[in-house]
K.L.:
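This is the structure I want to talk about, given as structure tokens.
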Amino acid sequence: MGSRLVGYGSYLPEKIMTNQDFERMMDTSDEWIVQRTGMRQRHFAADNETVTDMAVMAAQRALDNANLTVDDIDLVIVATTTSELDFPSVGVQVLGALGATRDQPGFDVRGACTGYIYALHCARAFFAAGMHRRIMIIGAEKMSRFLDWNDRSTAVLFGDGAGALIFEHSTSSYSGIIDTVIMGDGKCFDMLHGTSDHRISMNGPETYKKAVTLMPEAAQYIMEHAGITAENVDWIIPHQANLRIIQSGAGRLGFPLEKIIVTVDKHANTSGASGVLAMAYAFDQGIIKKGQLILYPAFGSGLTWGASLIRV
Ligand code: UT7
């Protein structure tokens, strides 16, 4: 049993912060941010707008896109680490907010920036086991909750938003979530983590070194596992943390720049929402077409990393 992608949706909060806005608030420059990260702007949720609110918006748009209602969904898995409430899960809150009536389950995975790959990994296993017919994967983050406006080294890097993908079971194993691999190294926990007073602690250069090796490694592993090379892949949609990481990783894998989907300039790093938002963006722009093969690698706090191969 495999799966197929039947709908997508995304939500970005209205408020946009440009690099120039940061220039007015702290000792930074548009030039530094663009050169070091490729970021030009990011969306920030309103004070009263929650992770669940954004997830609900993306979920409703994915349902509309798939021509389904919430009761057609059997399970919601949300990748997030920034939810305002420790419990219940954003997944079950989304189902409630959308008016689900079939007592469907929802839960969250905390894989940081790799969270959406961890969620896809769960979904692939559930489809393979024949356990659920339709699964919605949501990546939703309010990174602005964790921003320290006195720390320029992290404040400029993140953004808020949510994306959703709906998969349906299929008898073909060549469509939908074809493969996934997830990895972790808790010994490197110190490199990048949230603090108890809700800030982000990151050793940027060390995290960078890990990202440029581990993300391509996961991508390479999954291509080898599927018996394919870069030439067989239509698009690579990497986690959007830094344009330099994206380009270096794609280069190592032998992908020409034209095959890379980049949204880091518009969304900055939205952690567990990043790849899902990028996929939705690429659909909205008509960049990726039905039937194409997408390589989907990610890397983040944990450390966590992994990749998925998706035929859309
Ligand atoms: O989401 C998944 C995990 N996250 C990542 O993968 C992020 C990985 N790391 C990175 O992307 C990069 O390390 C950063 C973008 C975070 C930083 O870039 P960098 O080239 O590694 O810079 P750096 O941290 O080595 O800092 C270089 C200089 C420092 O000044 P000195 O010591 O050379 O005088 C910083 O203080 O840049 C300074 N700096 C800034 N300057 C202007 C740091 N942040 C800023 C800033 N504006 N916002």
Side-chain angles (χ1 to χ4, degrees), residues 17-42 79-82 110-118 139-161 163 182-186 188-195 199-219 237-250 252 262-265 267-278 296-307:
M17 275 286 278
T18 63
N19 293 350
Q20 287 74 16
D21 293 328
F22 275 102
E23 277 178 349
R24 287 188 278 275
M25 294 174 69
M26 56 181 70
D27 180 18
T28 189
S29 66
D30 175 54
E31 190 190 359
W32 189 95
I33 302 171
V34 172
Q35 272 183 10
R36 304 284 175 133
T37 71
M39 296 168 188
R40 294 180 184 274
Q41 63 169 52
R42 66 289 290 145
T80 188
T81 41
T82 50
R110 296 171 64 85
C113 302
T114 319
Y116 58 97
I117 304 296
Y118 275 56
E141 301 279 14
K142 187 171 177 177
M143 297 305 291
S144 58
R145 285 187 60 225
F146 284 78
L147 295 191
D148 177 351
W149 299 99
N150 296 313
D151 178 8
R152 67 175 183 173
S153 71
T154 53
V156 302
L157 301 178
F158 296 93
D160 302 337
I182 57 171
M183 317 282 273
D185 181 1
C188 294
F189 149 87
D190 258 359
M191 257 178 223
L192 170 55
H193 61 88
T195 64
R199 287 180 301 106
I200 294 165
S201 167
M202 176 166 77
N203 180 333
E206 287 304 314
T207 310
Y208 185 97
K209 278 189 229 155
K210 289 284 188 183
V212 293
T213 53
L214 296 176
M215 201 155 57
E217 261 175 44
I237 308 183
H239 166 52
Q240 308 280 320
N242 184 323
L243 186 59
R244 287 186 295 145
I245 296 176
I246 292 171
Q247 291 181 337
S248 142
R252 280 174 197 233
V262 174
T263 52
V264 70
D265 53 332
H267 305 161
N269 183 348
T270 57
S271 190
S274 117
V276 194
L277 273 171
Y296 216 30
F299 168 86
S301 163
L303 298 177
T304 55
W305 66 102

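Both ligands and their constituent atoms are indexed starting at 1 by order of listing. Not measured: the values here are computed from a predicted model.
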K.L.:
Which atoms from ligand 1 have a heavy atom of Leu157 less than 4.0 Å away?
P.N.:
16 (C)
K.L.:
Take Tyr116 and Tyr296 through the test ring-ring contact (aromatic ring centres under 6.0 Å, His included) and record every step on the way to the result.
P.N.:
CA-CA 10 Å; Tyr116 58 97; Tyr296 216 30; 5.4 Å; yes
K.L.:
Thr80 vs Glu141, test: side chain to side chain donor-acceptor pair (under 3.5 Å). Steps then yes/no.
P.N.:
CA-CA 6 Å; Thr80 188; Glu141 301 279 14; 3.3 Å; yes
K.L.:
Nearest to atom 4 (N) of ligand 1, what protein heavy atom do you find, and at what distance?
P.N.:
Thr207 CG2, 3.8 Å
K.L.:
May I ask you to identify the nearest protein heavy atom to atom 9 (N) of ligand 1, giving residue, atom name and distance to one decimal place in Å?
P.N.:
Gly204 O, 3.1 Å
K.L.:
Counting heavy atoms only, which of Met202, Met143, Glu206, Met191 is nearest atom 7 (C) of ligand 1?
P.N.:
Met202
K.L.:
Do protein heavy atoms approach atom 38 (C) of ligand 1 to less than 4.0 Å?
P.N.:
yes
K.L.:
Please report whether atom 32 (O) of ligand 1 has a protein non-hydrogen atom at a separation of less than 4.0 Å.
P.N.:
no
K.L.:
Look at ligand 1 and say whether Thr154 reaches it with a heavy atom at a distance under 4.0 Å.
P.N.:
no
K.L.:
Looking at Asn19, Thr270, Thr18, which one forms a side-chain hydrogen bond (donor to acceptor under 3.5 Å, both in side chains) with Arg42?
P.N.:
Asn19
K.L.:
Please find the pair of heavy atoms, one from Ala307 and one from Ile117, that lie closest to each other, and give the distance.
P.N.:
N-CG2, 3.6 Å
K.L.:
Report the part of Cys113 (side chain from C-beta onward, or backbone N, CA, C, O) that has a heavy atom under 4.0 Å from ligand 1; answer both or neither where that applies.
P.N.:
side chain
K.L.:
To the nearest 0.1 Å, how far is atom 29 (C) of ligand 1 from its closest protein heavy atom, and which atom is that?
P.N.:
Arg152 NH2, 4.8 Å
K.L.:
Okay, side chain of Tyr118, backbone of Trp305: is any donor-acceptor separation there less than 3.5 Å?
P.N.:
no
K.L.:
How close does the nearest protein non-hydrogen atom get to atom 11 (O) of ligand 1, and which residue and atom is it?
P.N.:
Asn242 ND2, 2.7 Å
K.L.:
Lys210 near ligand 1, heavy-atom distance under 4.0 Å?
P.N.:
no
K.L.:
Could you tell me the residue and atom name of the protein heavy atom closest to atom 47 (N) of ligand 1, and the distance to it rounded to 0.1 Å?
P.N.:
Thr28 OG1, 2.6 Å
K.L.:
If every non-hydrogen atom of Arg36 is compared with every non-hydrogen atom of Arg244, which pair is closest and at what distance?
P.N.:
O-NE, 3.0 Å
K.L.:
With heavy-atom distances below 4.0 Å as the criterion, list the atoms of ligand 1 near Arg36.
P.N.:
19 (P), 20 (O), 22 (O), 27 (C)
K.L.:
Looking at ligand 1, does Met26 have a heavy atom less than 4.0 Å from it?
P.N.:
no
K.L.:
Please indicate whether any nitrogen or oxygen in Asn269 is less than 3.5 Å from any nitrogen or oxygen in ligand 1.
P.N.:
yes
K.L.:
Nearest to atom 3 (C) of ligand 1, what protein heavy atom do you find, and at what distance?
P.N.:
Leu192 CD2, 3.5 Å
K.L.:
Give the contacting part of Trp32 toward ligand 1: side chain, backbone, both or neither, where contact means a heavy-atom distance below 4.0 Å.
P.N.:
side chain
K.L.:
On a heavy-atom basis, which atom in Thr304 and which in Gly111 lie closest, and how many Å separate them?
P.N.:
OG1-O, 3.2 Å
K.L.:
Mark up the atoms of ligand 1 that fall under 4.0 Å of a heavy atom belonging to Thr37, in ascending order.
P.N.:
15 (C)
K.L.:
Checking a contact table here: which protein heavy atom is nearest atom 6 (O) of ligand 1, and how many Å away?
P.N.:
Ile245 CD1, 3.4 Å
K.L.:
Are there protein heavy-atom neighbours of atom 14 (C) of ligand 1 below 4.0 Å?
P.N.:
no
K.L.:
Compare every heavy atom of Thr81 with every heavy atom of Ala112, then report the nearest pair and how far apart it is.
P.N.:
N-CG2, 3.8 Å
K.L.:
Could I get the full list of ring-ring contact (aromatic ring centres under 6.0 Å, His included) partners for Tyr208, not counting sequence neighbours?
P.N.:
none
K.L.:
Given Glu206 and Asp190, is the side-chain contact (heavy atoms from CB on, under 4.5 Å) satisfied, shown in steps?
P.N.:
CA-CA 10 Å; Glu206 287 304 314; Asp190 258 359; over 6 Å; no
K.L.:
Which residue supplies the protein heavy atom nearest to atom 23 (P) of ligand 1, what is that atom called, and how far is it?
P.N.:
Pro205 CG, 4.1 Å
K.L.:
Would you mind listing which atoms of ligand 1 come within a distance below 4.0 Å of any non-hydrogen atom of Ser153?
P.N.:
44 (N)
K.L.:
Between Ile33 and ligand 1, which part of the residue brings a heavy atom under 4.0 Å of the ligand: side chain, backbone, both or neither?
P.N.:
neither
K.L.:
With heavy-atom distances below 4.0 Å as the criterion, list the atoms of ligand 1 near Arg244.
P.N.:
18 (O), 19 (P), 20 (O)
K.L.:
Identify the two heavy atoms, one from Ile246 and one from Gln240, that lie closest to each other, and give their separation to 0.1 Å.
P.N.:
CD1-OE1, 3.4 Å
K.L.:
For Phe299 and Lys210, which heavy atoms make the closest approach, and how far apart are they?
P.N.:
CZ-CB, 3.7 Å
K.L.:
Donor-acceptor pair, distance only, cut-off 3.5 Å: does the side chain of Asp160 make one with the backbone of Met143?
P.N.:
yes
K.L.:
I'd like to know if the side chain of His193 pairs up with that of Ser301 as donor and acceptor (distance under 3.5 Å, no hydrogens or angles considered).
P.N.:
no
